[in-house]
Amino acid sequence: MSQPQGALQAAAKAPPPAAQKDSSMERQKQMIAGHFRALSLAKETGQRVAYTFVPGNLTELMHAFDVLPVYPEINALQSAMRQLSAGYIREAERLGHNEDVCTYVKCDIGMLTKGNVGPTGEALPPPNLLLLSYTGCFTFMKWFELLKHEYGCEVAMLHVPYVAEGQPTADARRYIVDQLKAEVIPKLEKVTGKKYDEGRLRALLARSRQAEDDLVWVLDSAKARPSPIDAYFGAVYYVGPIFSAFRGTQDAVAYYRELRAEVEDRVLKGLGPVTPDGTLTREKYRLVVEGPPNWTHFRDFWRIFHDEGAVIVASTYAKVGGLYDQGFRHGQADDPLESLADYCLGCYTNLSLPSRVGLLEKYVREFQADGFVFNSIKSCNSFSAGQLVMLRQLEQRTGLPGAFIESDLVDPRYYGHANIKNRIESYLQMIEQRR
Amino acid sequence: MASAPTATELLERCERLFADTALDAVRAWKAAHPGRLAIGHLPVYAPRELIHAAGALPVALQGGGDQVDIVKGDACFQSYICHLPRSTVELGLTGDLDVLDGFVFPSTCDVIRNLSGIWKLLFPQKYARFLDLPQAFDASTGGRFYRHDLEELGRELHGLGGLPPDDGRLRASIALYDDNRRAIEKLYALRRETPWLCSSDEAFLLVKAGGVLDVQEHTALLRAFIDAAGSRPRKREDRIRLLLIGAFCEQPPLGVLRTLEKSGAYVVDDDLNLGARWLEGDVGPSQRPLEALVRAYLEQSTWASTRFEHDEPRGAQLVKRVRRAGADGVVFAAPSFCDPALLDQPPLQKALTEAGVPFFSFKYAENTGQFQGIREQAGTFSDSLKLWGAA
Amino acid sequence: MTPQHFLGIDLGSTTSKAVLIDAAGKVVGQGLTNTRSNYDVAAQVAKAEALSDARLSRLEQALVEGGFAGAVELATALRRTARILASIDRLEALEARCAALARAAPDGGARAEDAVHRLFTRIAGEAEAVFGPLATDRSRFFRDVVGARFLAEAEAAAARREVPYEVLVGAWDRAIIEIENADSGDRLDGLLDRALAGLEAGSGARRAIDQARRDLEQRPIEIGCVVGTGYGRARLPFPKEQIRSEILCHGLGAHAYFPKTRTVLDIGGQDTKAIQIDEHGVVTNFQMNDRCAAGCGRYLGYIAEEMNLGIHELGPLALQATRPVKISSTCTVFAGVELRERLSLGEKRENILLGLHRAIVLRAMSLLARSGGVTEQLTFTGGVAKNAAVVQELKTLVTKHYGERTLNTHPGSIFTGALGAALFAERRSRGEAAPVLQKPRAAKAGATSEERVP
């Protein structure tokens with residue numbers, strides 16, 4: 001799972017697009033640079049650092065303790081976009097990690113072995129706390145067990161129960177709140193020496209909510225024809241700040257306000273989404289995508305779609321850090337800890353397969369999609385196990401055929417461009433022929 | 001009653017049960033117990049006591065072994081997913097599991113978790129329950145959550161037509177399973193002490209039979225075997241002693257175990273059929289049996305890759321276990337694509353290296369048909385240990 | 001006016017195919033070649049072959065329509081002789097190039113050059129035996145047939161210490177690529193003259209042939225439209241509208257062969273496809289094998305190599321099995337290991353083989369299930385469809401899982417994709433397959449003057 005600081009870095013290398021479009025991107029770039037600067041100075045400033053995961057992240061709670069978050073998933077995808085992941089994965093396999101297991105983990109272990117150098121070229125500080133929010137992915141737990149052996153620091157384990165029956169139960173919510181009180185907050189207090197301040201958390205959650213409203217507006221804009229955004233490849237950039245270190249900050253509020261204004265402007269002008277090769281001028285196919293993207297060939301992968309005039313109007317990947325579009329907002333629940341619990345429970349990969357099929361069906365209908373593509377990721381059993389059954393169900397419910405392709409997150413050995421291109425082109429031609 | 005059955009007769013029965021992927025034994029049990037439920041559960045650990053207390057037969061589902069043709073199951077899973085869910089879905093879609101009234105999917109890994117959803121999608125009429133075993137091992141957090149989860153499961157089983165698993169019944173069930181655990185432990189002790197009297201594949205079959213038999217019948221079967229084993233005409237051989245780990249969920253084909261033992265090793269301890277040995281020691285009699293079952297999970301769960309490492313590192317626990325078993329070395333036998341087993345290997349191997357315990361590793365699938373590689377590795381490993389001795 | 005024809009070219013990963021149809025959709029010519037590493041040349045060769053084939057067919061037709069005694073036999077002999085002569089020409093060109101390369105090699109020189117000539121003389125001496133089957137069996141290629149003979153001769157020459165083996169093989173490797181890549185011209189007329197000179201034909205038949213050839217000159221086969229497909233289709237110098245996915249072409253081609261088919265299973269060298277089509281041959285769903293080539297044609301190739309058998313011999317041998325051995329893996333990497341282990345356990349060769357064939361079909365069955373199953377007629381295409389053991393197992397398993405279903409195989413099954421492409425070309429000429437017009441967009445100002453990221 002993850003988001004797009006890496007994507008942003010890669011995009012930032014390209015010559016700047018028209019100034020008006022660039023301002024939100026430029027702002028995001030500066031936010032990220034500032035965050036990494038603070039991380040690189042953590043040793044001097046004495047600011048505490050916690051490593052954590054994107055789904056179910058407790059960013060507002062960390063901010064309430066002035067803790068700087070690091071997201072190893074994002075490090076891994078950034079490494080992939082900078083073409084470093086293959087070397088890191090090889091290094092981890094040399095250390096005995098199996099070829100079969102998650103490549104995010106191996107990329108992270110490899111990066112750690114090679115000095116833990118972040119995207120700015122400076123080494124990332126080691127964690128004072130591993131905040132294991134175990135949400136929607138079993139491998140998260142194994143990953144931080146491995147990191148615990150490496151760093152020997154405190155680990156705060158937050159077990160987020162799986163929402164197997166469609167709706168989270170009151171027991172599950174209570175279980176999370178109990179753990180926040182008994183495990184997570186005491187560990188944060190211990191590591192920072194600060195007391196938990198509920199008022200501060202409330203203020204942070206209120207700001208999150210503002211930013212979330214604007215993000216949802218942006219994601220919903222894809223219902224227009226043509227869609228002004230690409231809700232998969234493009235959305236990877238849009239969800240960046242809210243899925244990571246910036247939720248609850250004034251920066252995030254400003255970023256989403258600006259982004260929304262930009263997209264509003266595109267809608268007024270009837271413009272299609274921005275792609276690395278320019279604005280998509282002819283929306284020929286509207287698609288829904290399930291599954292994370294491949295990061296090692298992100299642009300090539302994207303190009304397969306926009307070359308054919310295919311726009312992604314909704315994706316589940318843009319929901320791994322929260323299903324805001326389905327109504328959840330931070331601070332909605334009166335008790336701030338309950339609000340955090342609701343957030344963790346509702347992340348996309350924590351949903352049951354029937355719920356996931358239902359959500360996809362809803363997207364296909366509401367966004368008037370011509371079809372849907374499943375990108376099955378070798379590394380990610382949480383996403384992938386059962387996707388073929390989901391595909392058949394979705395085909396039956398919508399009466400549309402789906403496409404199924406396979407790749408990996410950050411291991412370039414599992415990305416076959418010609419093969420994927422062949423399937424997507426065949427699929428789009430099939431849609432066209434059936435029209 | 002006629003003379004006691006021989007070890008061979010008992011093992012033949014276990015082999016028949018092992019080959020019985022269509023669950024004829026369960027059908028027979030249901031015919032003999034009209035109106036009672038049979039509830040399937042996936043690996044690794046499930047609270048069988050509670051299912052039993054609802055008057056139901058808990059049935060351990062561990063895949064299809066190496067004799068089931070996989071067509072529909074493969075249609076549901078990509079090549080990089082382990083084999084157990086394929087054969088389970090295959091058996092489900094071909095009707096072999098129809099005899100079961102419901103399914104419990106304990107949290108084991110993302111694949112088994114998602115299998116619970118696949119079940120809901122493919123078999124909407126069947127009861128399919130994901131059981132979120134807590135990863136927080138504090139009584140006030142995980143304990144409380146788990147107790148509520150078990151209460152809910154008990155109510156649902158009752159709703160399905162089972163008996164209410166009240167304290168009296170649960171207490172009785174716990175006593176029966178405590179007895180069963182003691183019998184299994186005795187069988188493992190027999191293997192640690194006299195591994196030539198009961199080979200690894202035999203012990204595997206004996207414990208696995210408990211997956212489909214009524215608990216009392218299984219306990220009796222184990223005891224009968226242990227009584228009969230002493231008179232088996234078998235001699236001690238010059239073999240190394242191995243501890244096998246990683247095989248706690250998808251089970252290896254018998255050929256893997258036989259190959260290891262034919263290559264100069266006794267497998268004196270393992271984590272096969274781990275669910276049956278999950279709780280270490282008795283749950284014990286209690287006025288509040290559900291609390292006792294919860295407490296046992298929090299405090300007596302065995303070391304397992306599917307459980308958060310919240311206390312002593314697994315590596316240290318593995319070394320202790322090697323010592324207790326008197327093993328000369330460790331074999332890491334993991335199913336292909338098994339995240340819990342494979343992600344654990346580097347730290348475990350590091351701990352063994354530091355403790356001077358030699359090891360080797362391979363991967364399998366439940367339907368692996370090739371043992372040459374394993375034979376060569378195991379043979380070389382055992383020869384080198386015999387020549388130069390264990391560290 | 002010259003009747004229009006339509007060409008479909010299917011650039012596969014192992015073989016390239018061309019099919020020429022007339023305006024009525026009838027197949028008039030087919031061409032097949034191995035793809036090697038050069039898609040451009042493969043496309044040209046396949047096309048030239050299809051054209052030659054179509055012209056030969058016109059001659060045959062003239063002979064048969066003339067009602068001459070022995071017309072059919074004569075037509076067959078003409079085709080066969082022309083092909084053998086073409087192979088001999090190619091062999092001569094190959095010999096010249098090989099000789100020059102061997103001479104120029106560091107360890108080569110005049111001795112090597114002589115050795116090459118002696119070697120080719122022996123191969124040419126058996127031309128009839130070597131190239132005869134080539135003329136009838138379309139799945140055997142010049143490269144494979146001559147290559148096998150050449151390497152055997154080279155080993156013998158090296159054993160006699162005439163010339164180092166590496167010199168001969170090095171010369172071969174380069175020469176064959178050059179010859180294949182140069183080999184796309186149409187020399188049918190010359191070949192026909194030479195073939196006719198050597199054949200006994202009555203004067204009436206000769207007159208009919210001459211008349212047909214004049215007719216061909218006056219009304220040559222003109223190609224109205226070409227559509228390309230297959231894995232290498234992106235390499236074709238066609239506009240995008242003249243490129244179709246092989247999935248769509250396969251569906252349409254299978255529909256042309258068997259209009260009642262609703263499911264197509266194609267097992268090729270490197271991939272397997274399960275395709276669902278409607279009553280018009282339009283694809284409604286498809287699934288392909290994942291990254292791994294397990295269970296595809298290549299797997300059988302490895303098995304044949306491991307058993308030292310020709311790939312065509314596998315199926316018949318497997319059918320002699322009494323009891324298939326259960327094989328769990330169709331992994332190409334482990335094919336040899338699996339086989340050797342089974343043999344070492346004393347399993348019979350044919351029983352193992354049937355088990356391997358069964359394993360392939362099991363994988364294909366999974367893809368069929370993924371794509372939506374087999375509801376009506378099933379058509380089996382691709383190189384592996386020629387394997388009788390695979391066909392038998394497929395029939396059994398389809399019946400077991402879906403009930404009695406008609407299973408179609410076509411002798412021209414390897415051309416299914418190219419036929420579909422030709423049919424798309426024909427439709428395109430009628431404007432049918434033109435891209436569907438887009439609905440007018442809601443967009444107004446600015447929609448046409450899009451800015452691009454510089």
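Every heavy atom of this structure was used, including side-chain atoms; hydrogens, water molecules and symmetry mates were not. If you're wondering where the values come from, they're calculated on a predicted model, not measured in any experiment. The chains referred to below are lettered A, B, ... by the order of the sequence lines, with proteins before strands, and numbering in each begins at 1.
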### Message
Less than 4.0 angstrom from a charged side-chain N to a carboxylate O is my criterion; do C:Asp271 and C:Lys273 meet it?
### Response
yes
### Query
So how far is it from B:Leu100 CG to B:His41 NE2, rounded to the nearest 0.5 Å?
10.5 Å
### Message
For B:Arg86, which atoms come within 4.5 Å of any heavy atom of chain C: side chain, backbone, both, or neither?
### Response
neither
### Task
Name the region of B:Gln78, side chain, backbone, both or neither, that has any atom closer than 4.5 Å to a heavy atom of chain C.
backbone
#### Entry: Between B:Phe103 and B:Tyr127, ring centroids under 6.0 Å
no
### Message
Please classify the contact of B:Tyr80 with chain C as side chain, backbone, both or neither, using a heavy-atom distance under 4.5 Å.
### Response
neither
### Between B:Ala365, B:Gly373, B:Gly369, the one whose heavy-atom pairs under 4.5 Å with chain C are most numerous
B:Gly369
### Message
Does any backbone or side-chain atom of B:Glu366 lie under 4.5 Å from a heavy atom of chain C? Answer side chain, backbone, both or neither.
### Response
neither
### Query
Do C:Glu246 and C:Arg233 meet the salt-bridge criterion of a basic N to acidic O distance under 4.0 Å?
yes
### Query
Any salt bridge between C:Arg340 and C:Glu306, counting N to O under 4.0 Å?
yes
### Summary
The interface call for B:Thr368 against chain C, heavy-atom contacts under 4.5 Å, is backbone
